[in-house]
J.: 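Right, I'll just put the structure down here and ask away after.
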Amino acid sequence: MSLNRRSVAVATLTLTFAAVGSVVAQGVSIERVAPPGAFLVVSTKDAAGVQARFEALPLGQMLVALESEEGMADWKKEREAGLEAMADELGIEVADIVAPGACGLALFVERNEELDAPGLGFVAFVDFGDRAEQAAKLIDAIAKQAALEGGVSLEEVQLGSRTATIVPLPSVGEDDSVMSPPPGVPGGPPRQVPGMGPSMTDLVQPPENLVFAREGSTWLFASSVPALDEAFEAFDGKATKTLADDGEYQAVAAGLGSQDISLVVVVAPLAPLAEPFFIGPAQMLKPVLTSLFGGMRGMAIGATLDGEIGQIELTGTVGTDGEPRGLLGLFREATPIQAPPTLGGESCSSYSRMNFNFPGLVELIEGTLDGFGQDERGMIEPMLMAYMPALQKACGSLGPAMHQFVRLGGEGEGTSLWAIDCADQKAVVPFVNLLAPQAGLMPEDFQGQTVFRDPTGAMPMELGFSASSMLMGDTDSVEQGLRTTGDAGAKGLAADALYRSCQGVIAAGPVSSWGYNDLVASFEAAHQAALSAEGQDDGFVDEAGDPITPQLADAMPDSLMGGLASVDGKLLSKYLGPLVWEIRPVTNGLRQKLFLLRPSTAAAD
């Protein structure tokens with residue numbers, strides 16, 4: 001196993017990439033050592049602990065159970081052989097390859113004085129706790145290997161009482177041992193579009209060095225000596241300003257609360273870098289983006305393992321400078337949870353209800369149009385005006401509630417039905433009459449009601465109206481929903497045990513969206529569909545004309561593929577419960593929570 005200079009740098013930095021938030025380890029947190037102005041911050045409370053806790057969860061146990069006995073033994077042998085080879089090349093013991101505890105990373109833009117251009121900077125910390133002495137051997141060995149393979153010398157510099165090590169990093173295109181993919185290919189540089197502005201690599205210079213030093217069980221890493229010096233100033237409590245004092249960062253991260261793993265992205269520090277992209281034809285994008293995402297300060301996501309409600313709990317937030325507007329504003333209306341319409345049926349494998357501000361959609365389109373110059377408006381406005389009067393009238397009668405019901409049948413077959421609140425069918429039909437023919441849907445009679453369907457039957461999609469809803473989805477689902485209209489004895493989803501148990505997960509109070517998915521049933525349906533299609537060509541091929549599905553199977557471990565072949569719903573029900581989610585408006589933003597529930601007691605038995 002050869003370690004080139006780039007992989008060495010990545011290996012070292014990977015020690016810091018677990019995930020962010022307010023993470024404290026013996027008084028250290030990424031917020032307290034990183035400077036203000038970071039645009040990406042990731043951290044974890046305990047990387048080694050998170051892995052151990054995941055393996056103890058039902059989900060972690062499931063992954064072990066899916067491995068065949070022989071496959072698991074082979075995997076362990078390969079893992080041990082890989083560690084031994086790495087230790088041998090680095091000249092250390094296998095026991096010295098240890099995982100970190102708390103760690104964090106902050107990326108920011110700093111000025112490259114030599115090139116007079118913005119550069120990518122970073123500050124990171126890693127705490128190894130009682131594994132610090134083994135970690136010291138590992139980190140020193142990686143640094144020396146980098147110097148050996150890169151043909152460079154490690155430098156040392158004194159930062160007060162500490163000795164910092166400087167590891168030169170390869171310039172872009174300098175490391176011939178790394179074959180870079182061509183532009184536009186995943187992993188390669190972005191494809192340059194003529195007249196659409198420079199690429200990111202033209203705008204931001206990558207770090208030239210990796211600089212690190214140790215204090216007790218903690219290592220601090222940075223992109224430059226000054227950045228590391230400032231990080232240690234903050235570490236020692238001497239810095240006047242840190243990321244903890246950054247109002248933009250705190251506004252975005254505050255909604256996460258305490259998480260095992262977290263990530264925060266802040267928009268403001270990226271704004272100056274985005275300006276050069278809006279040149280030439282790309283100028284047209286600026287008013288569109290401003291209208292759609294104006295006021296968005298950033299986003300954050302965090303994960304907690306073995307939470308009070310779910311075995312895995314995810315929290316996502318979007319921070320705004322005031323009440324959400326643009327696209328986010330269309331989803332901000334919150335209402336108490338109410339029973340779904342009975343036309344959705346008595347049970348389903350997946351259900352969601354979301355509030356959507358249909359009149360706000362018209363305002364958003366008009367606001368976006370106002371942002372264009374006169375020439376751009378002249379190209380777009382005539383086309384919009386052909387639809388806007390009908391759209392405005394229709395949106396005034398639709399929503400806010402949209403319900404989706406998904407049912408699974410035999411051999412992986414499934415049906416989907418959307419039911420959107422509709423106060424006035426006559427106000428919506430003119431807009432449907434404009435668009436439906438373009439989608440191949442024509443008006444037909446169904447039990448005295450007008451529905452829109454494909455007369456050829458090639459597209460099994462239908463649109464119709466009940467007394468209070470506009471229905472869209474599979475033909476069978478829409479027509480069954482219409483049959484229940486006016487049936488006072490029809491049973492709805494609210495009486496279903498799965499629905500009730502999932503709704504019970506959602507805390508009291510108004511929500512803008514919520515839903516659930518029966519993962520076991522969904523996997524079982526997908527499994528049955530795969531068995532039904534076994535040996536058939538699904539039509540998906542790569543550029544060479546080879547089927548993609550076998551390639552995906554080849555990329556998975558044989559032991560896992562062998563385990564999946566014998567998986568059924570009964571086995572999965574021992575490890576997985578439903579997936580439940582919600583979205584609520586919060587002060588200056590939106591917050592989503594997602595819960596992967598534990599298996600039920602009955603299923604586990």
J.: So do the side chains of Pro36 and Leu243 get within less than 4.5 Å of each other, counting heavy atoms only?
T.: no
J.: Scan residues 37-56 for pairs that pass ring-ring contact (aromatic ring centres under 6.0 Å, His included), counting only residues two or more places apart or in two chains.
T.: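 Every candidate ring-ring contact (aromatic ring centres under 6.0 Å, His included) pair involving residues 37-56 fails, so no pair, neighbours aside, qualifies.
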J.: Mind checking the CH2-CZ spacing from Trp581 to Phe595? Nearest 0.5 Å is all I need.
T.: 12.5 Å
J.: Thr304 versus Ile312: any side-chain heavy-atom pair under 4.5 Å?
T.: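 Counting from C-beta outward, Thr304 and Ile312 never come under 4.5 Å.
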J.: Find the distance between CG (Leu57) and CG (Leu596) and round it off to the nearest 0.5 Å.
T.: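 The CG atom of Leu596 is 8.5 Å from CG of Leu57, to the nearest 0.5 Å.
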J.: Under 3.5 Å, sequence neighbours excluded: what are the donor-acceptor pairs made by side chains of residues 221-231?
T.:
| unit_1 | atom_1 | unit_2 | atom_2 | d |
| --- | --- | --- | --- | --- |
| Ser223 | OG | Glu110 | OE2 | 3.1 |
| Ser223 | OG | Phe122 | N | 3.1 |
| Ser224 | OG | Ala227 | N | 3.2 |

J.: Among all residues two or more places apart in sequence or in another chain, which pass the side chain to side chain contact (heavy atoms under 4.5 Å, CB included) test with Thr290?
T.: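 With sequence neighbours excluded, Thr290 shows a side chain to side chain contact (heavy atoms under 4.5 Å, CB included) to Lys286, given in chain and number order.
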J.: With a 4.5 Å heavy-atom cut-off, do Leu330 and Leu327 have their side chains touching?
T.: yes
J.: With sequence neighbours excluded, tell me which residues meet side-chain hydrogen bond (donor to acceptor under 3.5 Å, both in side chains) with Glu248.
T.: Arg297
J.: Suppose we screen for side chain to side chain contact (heavy atoms under 4.5 Å, CB included). Which residues come up paired with Ala48, at least two apart in sequence or across chains?
T.: Asp46, Ala99, Arg131
J.: Does any non-hydrogen side-chain atom of Met86 lie less than 4.5 Å from one of Leu90?
T.: yes
J.: Can you list everything that forms a ring pair (Phe, Tyr, Trp, His ring centres under 6.0 Å) with Phe108? Sequence neighbours excluded, please.
T.: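 Not a single residue meets the ring pair (Phe, Tyr, Trp, His ring centres under 6.0 Å) criterion with Phe108.
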J.: Has the side chain of Asn209 got a donor or acceptor atom that lies under 3.5 Å from a matching backbone atom of Ile166?
T.: no
J.: Quick one: are Glu80 and Leu83 in side-chain contact, heavy atoms under 4.5 Å?
T.: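 Of all side-chain heavy-atom pairs linking Leu83 with Glu80, none is under 4.5 Å.
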J.: Donor-acceptor check, side chain of Glu55 to backbone of Gln61, threshold 3.5 angstrom: yes or no?
T.: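 Between the backbone of Gln61 and the side chain of Glu55 there is no qualifying donor-acceptor contact (under 3.5 Å).
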J.: Could you tell me whether the side chain of Asp140 and the main chain of Lys137 form a donor-acceptor pair under 3.5 Å?
T.: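 Here the side-chain-to-backbone pair does not exist.
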J.: Can you name the side-chain hydrogen bond (donor to acceptor under 3.5 Å, both in side chains) partners of Asp88, sequence neighbours left out?
T.: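 For Asp88 there are no side-chain hydrogen bond (donor to acceptor under 3.5 Å, both in side chains) partners, ignoring immediate neighbours.
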J.: Examine the side chains of Asn588 and Thr320 and answer whether a donor and an acceptor come within less than 3.5 Å of each other.
T.: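 Judged by distance alone, the side chains do not pair up.
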J.: Any salt bridge (charged side-chain N to carboxylate O under 4.0 Å, His left out) pairs touching residues 214-225, not counting sequence neighbours?
T.: Glu133-Arg214, Arg162-Glu215
J.: Taking atom OH of Tyr249 and atom OG1 of Thr242, what is their separation to the nearest 0.5 Å?
T.: 10.0 Å
J.: Salt bridge between Arg584 and Glu582, side-chain N to carboxylate O under 4.0 Å?
T.: yes
J.: So, using side-chain hydrogen bond (donor to acceptor under 3.5 Å, both in side chains) as the criterion, who are the partners of Lys593 when residues are at least two apart?
T.: Thr315
J.: Counting N and O atoms only, with roles assigned by atom type, does the side chain of Arg332 sit under 3.5 Å from a partner on the main chain of Pro324, one being a donor and the other an acceptor?
T.: yes
J.: Strictly by salt bridge (charged side-chain N to carboxylate O under 4.0 Å, His left out), give each pair with a member in residues 305-320 just once, sequence neighbours left out.
T.: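 Listed once each, the pairs are Asp306-Arg598.
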J.: Can you name the side chain to side chain contact (heavy atoms under 4.5 Å, CB included) partners of Val265, sequence neighbours left out?
T.: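 For Val265, the residues satisfying side chain to side chain contact (heavy atoms under 4.5 Å, CB included) (neighbours in sequence not counted) are Leu40, Leu263, Met299.
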J.: Taking the side chain from Asp236 and the backbone from Glu233, do they hold a donor-acceptor pair closer than 3.5 Å?
T.: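 The answer is no, because no donor-acceptor pair under 3.5 Å joins these two groups.
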J.: Do Arg591 and Ile583 have side-chain heavy atoms sitting under 4.5 Å apart?
T.: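 SC-SC contact between Arg591 and Ile583 ruled out.
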J.: Any side-chain heavy-atom pair from Thr317 and Val586 closer than 4.5 angstrom?
T.: no
J.: Output all residues satisfying side chain to side chain contact (heavy atoms under 4.5 Å, CB included) with Thr368, sequence neighbours left out; order by chain, then residue number.
T.: Val288, Ser291, Leu364, Phe372
J.: Going by heavy atoms in the side chains, are Val580 and Ile506 under 4.5 Å from each other?
T.: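 Of all side-chain heavy-atom pairs linking Ile506 with Val580, at least one is under 4.5 Å.
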